[in-house]
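Read the structure below first, then the notes.
Every chain is numbered from 1 and lettered A, B, ... according to where its sequence line falls, protein lines coming before strand lines.
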Amino acid sequence: MDLNGLNTVQKEAVCAVDGPILVVAGAGSGKTRVLTYRIANLIETHDIFPSNILAITFTNKAASEMKSRIESLVGPVSNQMWIGTFHSICVRILRRDGEKIGYGSDFVIYDTTDQKSALKSCYKELNIDEKMTPLKTYQFKISGAKNDMLTPEAYEGLYGGDFREREFIKLYKRYQAKLKQNQAMDFDDLLLKTLELFQKHPDVLQMYQNKFKFIHVDEYQDTNRAQYELVKYLSGRYHNLFVVGDGDQSIYRWRGADIRNIQEFEKDYVGAKVYKLEQNYRSSQNILSLANSVIKNNPNRRDKMLWTDAAEGDKIQYYKAYDEKDEARNVIEQIKKQIRDSGYSLSDFAILYRTNAQSRAFEDMFMLEGIQYKVLGGAKFYDRKEIKDLMAYLKLIVNHQDDVSFLRVINEPKRSLGDRTIEKIQIYASANQMSLFDACGHAVEIEGISGKALQNIQAFYKMISGLRMRLESEFVTTLYDDLIEQSGIVRAYELEKTIEADGRIDNIYEFRVVVEEFEKRSENPNLRDFLAETSLVSDQDSLNDSDDAVLLMTIHASKGLEFPVVFLVGLEDQLFPSFRSMDDEEALEEERRLCYVGITRAEKCLHVSHAKNRNHFGRYEARIPSVFLKEMDAQLMEGKDGMPEIKTYGDKKTKTISFFDIQTPKKKSNLRSAAPQRVKAPENTAEHFSGYKAGDKVTHKTFGSGMVVSMDQAKDMITIVFDAHGIKKLSASMAPLKTVD
DNA sequence: CACCCCCGGTTTTTT
DNA sequence: ACCGGGGGTG
């Protein structure tokens, strides 16, 4: 194996074979290279069977890229190895052995919309009022419980004593029962049910433990508790676990990711070896320095300092826009200028923003100028009504227990089957313990259904059953064609004769291309796998290198990607950082990491901008610049208006690391040796902790009086319940707190 | 009983 | 863009 293309640390990490290994990989430090070479090296130098290797990536796109890179190094034997996202690997495991925990191999996956529909039925059955508690509230709460790995029963054990939780517990139980009855799992269930399978069936677990002698996890900083446990289980026999990640790029706390998983890896896995990749191969010196000037404001981080051999590069281009239209106009002006002067092409540019809604202004302007662009995420193709309807049809064909999909399509297109008729079917189904679809097979017996309604129900039943019978023997594309023909969905849109309906028809045929591509690519194409794959696509998966278009996406969606020129836009208070992170230290730190991720996507040139005014929910509002702009080192920036004026009204001057501090390896090593002492010295904060204990009454400058609930000395965090502001987590050493006697 | 039109509220980030 | 509710029509 030729490892000459790797630097010393990369080589060391690649060549370390046994035991737990953590690779702390800063942005752009070549972690994908390390992962691929490590796996290729296992196969080629150490004669490990590819079937004994598991690799977990963050997106399906990353998985297929890694797959083809490994294949180019070791050849097609690599097909034997398992590589995919946590969710897709769990699906694979559950298809095989799910029946041991009550799920057949034809279970379907519910996305957030399906989840809402299922919840809505539960609301109805339990007489819960949507106006009192919006669906979303309980939807988040269920996901939160699942992120903490709490089944309804476990949740009840913990909180059952609280009468305010009773409704939720009832709902959560009903929801899980409904999913099982429908033979459906939501995203969180894919992980939890796999864990349940491992817990209840040690033989299954053992089989996988023996199989996966070498396990790899990318983006380990964004694993949640369930994923952590899965990895722990799977690596339980051989302990050959190779994880790669960067605490500074942890941006999914809100969906349960726990940064402690990476921070405490060495504690969790005794004898772990740690390698730090600190040389950046992606960005210019200026971009890197800017990133460092922002991220260093996070108090709780692992010591790490990225450096590069690259030249200083262009200064960061700063622009203060009048409003969001002016911001978009400037971006386009800059793109045109750089294409003209520096020979870039459209696909070299990416526009990164905090929220999907921000894409609008840019899209309008690109459209006006006739410039090719592509928006990742946001109003997704798969979110269109007609695509969701077709997906629901396909799910119902695969799994006729799926009442949620049934309800979605029974009267789409219109079959004169309204609320009353469906209610009658529901009553019959629940009285006879069968699915809504099966009840349609007994439609003649249902009282009050006759005439046209009866005929339509029977026709629907016949159509779906007919398609189901051909599931094994027919091409997926043939089934799809027959479905759109027999369901009459296209015909109904044709009759509308509107531009809107024509657009929907186009989408239906575009979706056929997706089916076709799946069929070509799969070894054993079947509808079940098509649905799973389609349900688990991420934004990045739709990325196509051959398109020459400017890319627009959220910073979250840009994770793991890189672009020659990046526009980081909308750097405004309340927007980025988000207004939701204002009261919460940890959330603010996560926003800062997000900013760091955005900056480090850029290779050669970075533009940052904010608008003084912005249309927000239809209101034109004055905006103030983001605290992150304040933290950026002004010496690295230039702009039309000279230096960003915001630097002058910062309340306290933040120390800026000028790029001289990290430019030479000498200085770098100073920083590296100095910092661990800071991290390893909780004594510094111990006095603050000795001042507090749980139950202490305290006052806070802003939040008023409250009581200490708990403390986390390692993280310097203290949790307090304030009388007027609820629970807050604060920095114990920094927060303006006083004890009250 | 089903269907259509109109109107208003909705958006942090996502597998 | 999509959904729900309200109200009118057939």
Side-chain angles (χ1 to χ4, degrees), chain A residues 56-62 84-91 109-113 115-117 120 130-131 134-136 140 143 146-147 185-191 219 222-224 226-227 250-257 352-360 376-386 388-389 408 411-424 448-453 456 496 500 503-504 532-541 553-559 570 574-582 587 590-591 593-595 597-598 616-618:
Chain A
I56 302 170
T57 57
F58 201 70
T59 64
N60 292 304
K61 181 171 185 266
T85 62
F86 272 105
H87 290 89
S88 61
I89 280 163
C90 286
V91 170
I109 301 164
Y110 278 177
D111 65 15
T112 43
T113 314
Q115 205 180 8
K116 262 198 196 124
S117 313
K120 191 169 260 185
E130 263 191 69
K131 279 179 195 111
L135 281 174
K136 274 177 107 182
F140 286 149
S143 186
K146 288 183 177 179
N147 280 327
M185 296 190 208
D186 62 24
F187 291 133
D188 298 318
D189 276 351
L190 294 175
L191 307 173
E219 308 281 11
D222 279 322
T223 49
N224 65 22
Q227 291 165 336
S250 165
I251 54 174
Y252 284 103
R253 190 183 78 115
W254 52 274
R255 81 172 192 209
L352 308 183
Y353 37 75
R354 179 66 180 83
T355 65
N356 283 306
Q358 286 168 260
S359 74
R360 275 288 277 289
L376 245 63
K380 279 179 245 137
F381 180 68
Y382 294 102
D383 282 343
R384 309 257 171 86
K385 184 193 178 306
E386 58 278 16
K388 284 212 165 289
D389 289 342
R408 187 168 178 113
N411 200 29
E412 183 65 50
K414 296 284 172 277
R415 297 187 177 89
S416 297
L417 302 172
D419 292 348
R420 305 312 315 268
T421 308
I422 287 158
E423 216 166 86
K424 283 171 198 156
I449 293 183
S450 59
K452 200 158 182 201
N456 286 342
E496 279 186 37
E500 205 190 347
R504 294 192 193 274
E533 202 177 277
T534 316
S535 302
L536 295 174
V537 287
S538 69
D539 289 340
Q540 284 190 15
D541 298 336
M553 69 189 92
T554 61
I555 306 168
H556 281 94
S558 76
K559 177 169 153 156
Q574 309 285 319
L575 182 61
F576 189 27
S578 153
F579 66 100
R580 306 219 186 221
S581 67
M582 286 305 165
E590 173 144 315
E591 296 280 314
R593 291 192 293 269
L594 192 57
C595 186
V597 168
H616 210 54
F617 300 124

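Nearer to the 5' terminus of DNA chain B, by closest-nucleotide assignment, is the contact made by A:Thr421 (compared with the other of A:Thr421 and A:Leu536). Map A:Glu590 and A:Ala453 each onto its nearest nucleotide of DNA chain B; the residue landing nearer the 5' end is A:Ala453.
Note: CD (A:Gln115) to P (C:dC3) measures 16 Å, nearest angstrom. One interatomic measurement links the two molecules: CZ of A:Arg360 to P of B:dT10, which rounds to 17 Å at whole-angstrom precision. Atom pair A:Phe576:CZ and B:dT12:C1' shows a separation of 11 Å (rounding to whole Å applied). To the nearest angstrom, P of B:dT13 lies 16 Å from CG of A:Asp222. As a whole-Å value, the separation of A:Lys388 NZ from C:dA1 P is 17 Å. A:Phe140 places its CZ atom 9 Å from the P atom of B:dT11, with the value rounded to the nearest Å. Atom CD in A:Glu219 sits about 13 Å away from atom P in B:dT15, given to the nearest Å. Between A:Phe579 atom CZ and B:dT13 atom C1' the separation is 12 Å, expressed in whole Å.
Among the atoms of the strands shown, base atoms are found under 4.0 Å from some heavy atom of A:Thr112. Looking at heavy-atom distances under 4.0 Å, A:Lys424 makes contact with sugar-phosphate atoms alone, never a base. Among the heavy atoms of the strands lying under 4.0 Å from A:Lys136 are primed sugar atoms or P, OP1, OP2 only; no base atom is included. The residue A:Lys120 sits close only to the backbone: its heavy atoms come under 4.0 Å of sugar-phosphate atoms, none of a base. Backbone-only contact: A:Arg420 has heavy atoms under 4.0 Å from sugar-phosphate atoms and none from a base. No engagement by A:Asp188 is indicated, since no non-hydrogen atom pair under 4.0 Å with the nucleic acid exists. Nucleic acid contact for A:Asp419: sugar-phosphate only, since backbone atoms but no base atoms lie under 4.0 Å from a heavy atom of the residue.
Regarding contacts with the backbone of B:dT12, a side-chain N or O of A:Arg580 is found under 4.0 angstrom from either OP1 or OP2. When the side-chain nitrogen and oxygen atoms of A:Asn224 are compared with OP1 and OP2 of B:dT15, none of them lie within a distance under 4.0 Å. Listed pair A:Arg504 / C:dC2 meets the phosphate criterion, a side-chain N or O lying under 4.0 Å from OP1 or OP2. The phosphate of B:dT12 has neither OP1 nor OP2 within less than 4.0 Å of any side-chain N or O from A:Thr554. Taking side-chain N and O atoms only, A:Asn356 has a distance below 4.0 Å to OP1 or OP2 of B:dT13. Between A:Asn60 and B:dT15, a side-chain N or O to OP1/OP2 separation shorter than 4.0 Å is absent.
Closest contact between the side chain of A:His556 and the listed nucleotides C:dC3, B:dA2, B:dT13 involves B:dT13. With B:dT11, B:dA2, B:dT14 as the choices, the nucleotide that has an atom nearest any side-chain atom of A:Ala557 turns out to be B:dT14. With distances taken from any side-chain atom of A:Ser416 to the nucleotides C:dC3, B:dA2, B:dT12, the minimum falls on B:dA2.
Without hydrogens or angle criteria, A:His556 side chain to A:Ile251 main chain gives a donor-acceptor distance under 3.5 Å. Counting only distance, with no hydrogens or angles, the side chain of A:Asp186 and the backbone of A:Gln115 share no donor-acceptor pair below 3.5 Å. Remark: the backbone N or O of A:Tyr252 is paired with a side-chain donor or acceptor of A:Asp222 at under 3.5 angstrom. Side-chain N or O atoms of A:Ser117 include one that pairs as donor or acceptor with a backbone N or O of A:Thr113 at under 3.5 Å.
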Requested in this report: Would you please test A:Glu591 and A:Ser578 for side-chain contact (heavy atoms from CB on, under 4.5 Å) and show each step?
Outcome: CA-CA 8 Å; A:Glu591 296 280 314; A:Ser578 153; 3.9 Å; yes

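The salt bridge (charged side-chain N to carboxylate O under 4.0 Å, His left out) with A:Glu412 is formed by just one residue from the set A:Lys385, A:Arg504, A:Lys388; it is A:Lys385.
With rounding to the nearest 0.5 Å, the separation of CD1 in A:Ile555 from CG in A:Leu594 is 4.5 Å.
In this pair, A:Trp254 lays its aromatic ring flat on the base of B:dT13, centres within 5.5 Å and planes under 30 degrees apart.
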